[in-house]
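Only one structure is covered here, and it is reproduced in the block below.
Proteins come first, then strands; the chains are lettered A, B, ... in the order of their sequence lines, and each starts at number 1. Computed from a predicted structure; not experimentally measured.
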Number of protein chains: 2
Amino acid sequence: MRIVVARCQVDYAGRLTAHLPLATRVLMLKSDGSVLIHSDGGSYKPLNWMSPPCTVREGVAEDGRAEWLVSATKSDDTLRILIDEVLHDTSHDLGVDPGLQKDGVEKHLQELLAEHPATLADGLTLVRREYMTAIGPVDLMCRDAEGLSVAVEIKRRGEIDGVEQLTRYLDLLNRDPALTRKGSVRGIFAAQEIKPQARVLATDRGIACALVDYDALRGMDDAEHRLF
Amino acid sequence: MRIVVARCQVDYAGRLTAHLPLATRVLMLKSDGSVLIHSDGGSYKPLNWMSPPCTVREGVAEDGRAEWLVSATKSDDTLRILIDEVLHDTSHDLGVDPGLQKDGVEKHLQELLAEHPATLADGLTLVRREYMTAIGPVDLMCRDAEGLSVAVEIKRRGEIDGVEQLTRYLDLLNRDPALTRKGSVRGIFAAQEIKPQARVLATDRGIACALVDYDALRGMDDAEHRLF
DNA sequence: TATTTAATGTCGACG
DNA sequence: CGTCGACGTTAAATA
């Protein structure tokens, strides 16, 4: 990993064209050839960058300034960095990173709700996780107290897309005689957070919304495991 | 902007929980308080980070190691960085960045198609850009050779969401007597690239698909401007 | 390898 | 300030 602080200007050409006027920035050159150009603000996204796999050629422009040409290996994306003045330039050997361990993403939410379907609606029991249909898997297929089928779509953040997705599943499921024998399939849209528009659309389509409390679910799960 | 290279471990708690085992990494501390933790690989996304607005408190852990506690201002997200050894530590004043200038995004695509609607379908003429409806603006409202209304939805990459969006517009527009007087409103889904699933769904709903060649359109536009 | 889906998405525009 | 849609989305899982 090489870190350079320099007054520079940058031009990108690829899926779009973009330009950065002359200013002082931080350039990170990773060992896989990728380059990040960071300013002292914004979020974690660099102002401009080149993703690996790519190569960097260091050269000199016509006017004598240092010029770095970064080229993507697979596409014809290019990044040109013209350097006026280098303020800092160091390299460090970081080795290979062991990587990030995550907990609390949608998959975990689905696992916990599969264990505790009754938190979505009284008397709900699990039939199957990842119930396959022609257009993809329904997160949870359940049965309610009256024995009717209930399709559950789980999102961390419930937005309009999720409601559309569940609607497509319900349209399809309600044509399946095996499921509709005892009546139509209901839908439940479950998420840690549900956006107003999504809630309106769901309600309009007769789909119930359920807010999920991840910490509470995890607590229930822990309490259960302590019994063994 | 402060740049630190250090052997460290990191714990994040917020919308999820995550952990980084002990390893050598680059820590970027931006002047707005935000922190990025980069390894020597991956793409531009850091292994872990805290977005502004946030504050960093430098302290000492029980075992004597340096400990940085980063707290988000608005949420209760926290990032804890435990430092075993500092290999590098420098600060630089970068000033305010003039920012990135972009060209070639969806807005430009819409401008070009508004100039040349006939590239979407023979005889198509523009009625209005950003035609407002109760659920949002239709990108292009056109009229075909027979004088019938055509709604155009433009995407850079055509996916299933875009088809759903256009479908909602068409449902609404076909209830509008002013437009349906002469017949029903057709839809055209235009994009530089159309995913197979999106194409299937569009076709199933009687929506035409049109692939857009940005460079060709820009060429037509340039040729036109040269006449003046 | 190609495609589909989730994401601590981020970012900008608009009401 | 919140909502919504685009993004050089990126990145991971899956077919």
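- Residue A:Y44 is in sugar-phosphate contact alone, with no base atom involved, counting any heavy-atom pair closer than 4.0 Å across all strands shown.
- An OP1 or OP2 oxygen of C:dA6 is reached within less than 4.0 angstrom by a side-chain nitrogen or oxygen of A:K155.
- Relative to the side chain of A:S43, the nucleotides C:dT10, D:dT10, D:dT3 differ in distance, and C:dT10 lies closest.
- Rounding to whole angstrom units, CD of residue A:E106 and C1' of D:dA12 are separated by 13 Å.
- Aromatic ring orientation, A:Y44 versus B:Y44: tilted (interplanar angle from 30° to 60°).
- At a threshold of 4.0 angstrom between heavy atoms, the contacts of A:L100 include nucleobase atoms, whether or not backbone atoms are also involved.
- Nearest-nucleotide mapping onto DNA chain D: of B:Q165 and A:M132, the residue sitting toward the 5' end is B:Q165.
- Atom P of nucleotide D:dC1 and atom NZ of B:K74 are separated by 5 Å, given to the nearest angstrom.
- When the P atom of C:dA6 is taken as reference, atom CG of A:L109 falls 12 Å away, rounded to whole Å.
- Note on B:K102: only backbone sugar-phosphate atoms sit closer than 4.0 angstrom, heavy atoms only; bases stay farther off.
- Comparing A:R157 and B:R157, the nucleotide of DNA chain C nearest to each residue sits closer to the 5' end for B:R157.
- For A:H92, the ring pair (Phe, Tyr, Trp, His ring centres under 6.0 Å) criterion is met by B:H88, not counting sequence neighbours.
- The CG atom of A:L201 sits 11 Å away from the P atom of D:dG5 (whole-angstrom rounding).
- Comparing A:G136 and B:Y12 by the nucleotide of DNA chain C that holds the closest heavy atom to each, the one mapping nearer the 5' end is A:G136.
- B:K195 has its NZ atom 11 Å from the C1' atom of C:dT5, to the nearest Å.
- When each of A:L16 and B:G42 is assigned the nucleotide of DNA chain D with its nearest heavy atom, A:L16 is the one assigned upstream, toward the 5' end.
- In this entry the distance linking CD of B:Q110 with P of D:dC7 reads 11 Å, nearest Å.
- Residue B:S51 is in sugar-phosphate contact alone, with no base atom involved, counting any heavy-atom pair closer than 4.0 Å across all strands shown.
- The interatomic distance linking B:W49 (CH2) with C:dA7 (C1') rounds to 8 Å, in whole Å.
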What pairs of donor and acceptor atoms, side-chain ones from residues 201-214 of chain B against any protein atom, are under 3.5 angstrom apart with sequence neighbours left out?
| from | atom 1 | to | atom 2 | distance (Å) |
| --- | --- | --- | --- | --- |
| B:T203 | OG1 | B:R199 | O | 2.7 |
| B:R205 | NH1 | B:E164 | OE1 | 3.0 |
| B:R205 | NH1 | B:T167 | OG1 | 3.0 |
| B:D213 | OD1 | B:D215 | N | 3.2 |
| B:D213 | OD1 | B:A216 | N | 3.0 |

* Please assess B:D77 against B:R15 for the test side chain to side chain contact (heavy atoms under 4.5 Å, CB included), listing each intermediate value before the final yes or no. => CA-CA 7 Å; B:D77 291 23; B:R15 280 167 275 192; 3.8 Å; yes
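- The distance from atom CD1 of B:I154 to atom C1' of D:dC7 is 17 Å, rounded to the nearest whole Å.
- Judged purely by distance below 3.5 Å, without hydrogens or angles, the side chains of A:K102 and B:H19 never pair a donor atom with an acceptor atom.
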